[in-house]
Novice: 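Input: one structure, supplied below.
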Amino acid sequence: MPAKRIFLLNKRMRIVALVAYLMFVTPVLAQSSSDICHDWVLKKGWFGEDQIVLEKLDSLKAPEIAQVIRFSSPYTLSEYIYMRKNYGLCGNGMLYFESATWTLKDGELYFDVKGGHFAQDKFHYKIVYTIDSWSGDKLVLKKKKVLLSEVKEF
C-alpha cells in the first residue's frame, strides 16, 4: 500500500475518532455546574447503590408524590417531597439532610451527605459517581468510589 494512501487512511481514522469523541464524550463534559442546579426527582437508587437515576422535575409529568433532590449553588443539596395536592403526611421515615454538598469535576459528582430518615436512621455518605448519561431532563449516575458510608439505625 503506498505511503500516501496509508496517511489518508490514518487521517480518516483520526477524524472518525474525533467525531466519536465529540459526539459521546463532549456532551457529558460540556455540562457545567450551573446546568445541574435544578430540582431532580429521585427515580431510582440511593447513595451507595450502583446507580442513581434522576429526572428533572416537571410539574406536568411528575407523579402525585415524589422525592426531590435540589442541586443548588454554591454546591448544596436539599430535599423535599413534591406533591400535586396538599396531602397530609406522617413524618416518620421522611428524609432530611443536616448538611449536604456536591461538586462536579471532570464528569464526576462528589457527594458529602449527612442526614437521615426521621425515627428510622441517621447516615453520612461521601461517594463519587461518574456521569453515565446526562440529557436535558435525565441524569444517570454510576457509582465509582465510596469514601464513607455510615448508617445508624434506631
Side-chain angles (χ1 to χ4, degrees), residues 14 16-154:
R14 288 192 303 264
V16 168
L18 177 61
V19 169
Y21 177 82
L22 292 173
M23 286 176 55
F24 298 107
V25 176
T26 304
V28 170
L29 296 179
Q31 304 288 344
S32 69
S33 295
S34 62
D35 293 332
I36 200 170
C37 290
H38 292 285
D39 292 2
W40 297 87
V41 175
L42 181 62
K43 297 299 280 187
K44 178 182 173 190
W46 182 244
F47 296 107
E49 293 184 15
D50 289 337
Q51 186 181 61
I52 296 176
V53 178
L54 302 163
E55 289 183 0
K56 197 177 285 184
L57 178 63
D58 180 344
S59 60
L60 300 175
K61 296 178 184 177
E64 289 289 319
I65 299 176
Q67 182 66 60
V68 176
I69 307 293
R70 176 177 286 153
F71 286 73
S72 301
S73 185
Y75 309 109
T76 58
L77 288 175
S78 57
E79 49 62 41
Y80 68 94
I81 294 181
Y82 169 82
M83 296 183 286
R84 286 192 194 182
K85 298 178 183 175
N86 192 11
Y87 296 106
L89 296 176
C90 174
N92 288 347
M94 290 185 75
L95 175 66
Y96 68 92
F97 292 162
E98 291 175 8
S99 64
T101 60
W102 63 277
T103 305
L104 176 64
K105 184 178 178 184
D106 299 327
E108 295 181 341
L109 273 168
Y110 296 77
F111 292 102
D112 185 350
V113 182
K114 191 174 188 178
H117 297 87
F118 285 107
Q120 186 177 336
D121 64 22
K122 290 188 88 161
F123 56 75
H124 190 183
Y125 298 106
K126 291 183 181 183
I127 301 177
V128 181
Y129 280 88
T130 58
I131 297 174
D132 195 37
S133 66
W134 190 352
S135 67
D137 297 333
K138 188 174 182 179
L139 178 59
V140 179
L141 306 175
K142 187 174 182 181
K143 181 173 66 177
K144 179 178 180 180
K145 186 176 184 180
V146 176
L147 306 170
L148 176 68
S149 179
E150 294 177 346
V151 179
K152 179 182 177 184
E153 295 186 13
F154 303 128

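Just so it is clear, the values below take in all heavy atoms, side chains as well, and ignore hydrogens, waters and symmetry mates.
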Novice: What pairs with Lys44 under side-chain hydrogen bond (donor to acceptor under 3.5 Å, both in side chains), at least two apart in sequence or on another chain?
Specialist: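 Scan of Lys44 (side-chain hydrogen bond (donor to acceptor under 3.5 Å, both in side chains), adjacent residues dropped) gives Gln51.
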Novice: For the pair Trp46 and His117, name the ring-plane relationship: parallel under 30°, tilted 30 to 60°, perpendicular over 60°.
Specialist: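 Geometry flag for His117 against Trp46: tilted rings.
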Novice: For Lys122 versus Phe154, what's the shortest heavy-atom pair and its separation?
Specialist: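 Looking at all heavy atoms of both residues, the shortest contact is CG-CZ, 3.4 Å.
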Novice: Looking only at heavy atoms, what is the nearest atom pair of Gly48 and Tyr129, with distance?
Specialist: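 Looking at all heavy atoms of both residues, the closest pair is N-OH, 2.9 Å.
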Novice: Is there a side-chain contact between Phe111 and Leu141 (heavy atoms, below 4.5 Å)?
Specialist: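 Phe111 reaches Leu141 side chain to side chain.
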Novice: Mind checking side-chain hydrogen bond (donor to acceptor under 3.5 Å, both in side chains) for Glu64 and listing every partner two or more places apart, or none if nothing turns up?
Specialist: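 Residues passing side-chain hydrogen bond (donor to acceptor under 3.5 Å, both in side chains) with Glu64: Tyr87.
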Novice: Here's a test for you: under side chain to side chain contact (heavy atoms under 4.5 Å, CB included), which of Val68, Asp58, Leu54, Val53 qualifies with Val41?
Specialist: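 Of all the options given, the one that passes is Val68.
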Novice: When rounded to the nearest 0.5 angstrom, what distance separates CD1 in Ile65 from NZ in Lys85?
Specialist: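 If I round to the nearest 0.5 Å, the distance is 10.5 Å.
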Novice: Nearest 0.5 angstrom please: Ser78 OG to Asp39 CG, how far?
Specialist: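 Rounded to the nearest 0.5 Å, the OG-CG separation comes to 7.0 Å.
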Novice: If every non-hydrogen atom of Phe97 is compared with every non-hydrogen atom of Val113, which pair is closest and at what distance?
Specialist: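 Smallest interatomic distance, heavy atoms only, reads CE2-CG1, 3.6 Å.
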Novice: Looking at Phe118 versus Tyr96, is the centre-to-centre ring distance below 6.0 Å?
Specialist: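 So the answer is yes for these two rings.
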Novice: What closest approach, in Å, do Leu60 and Arg84 show between heavy atoms, and which atom pair accounts for it?
Specialist: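 The answer is O-NH2, 3.6 Å.
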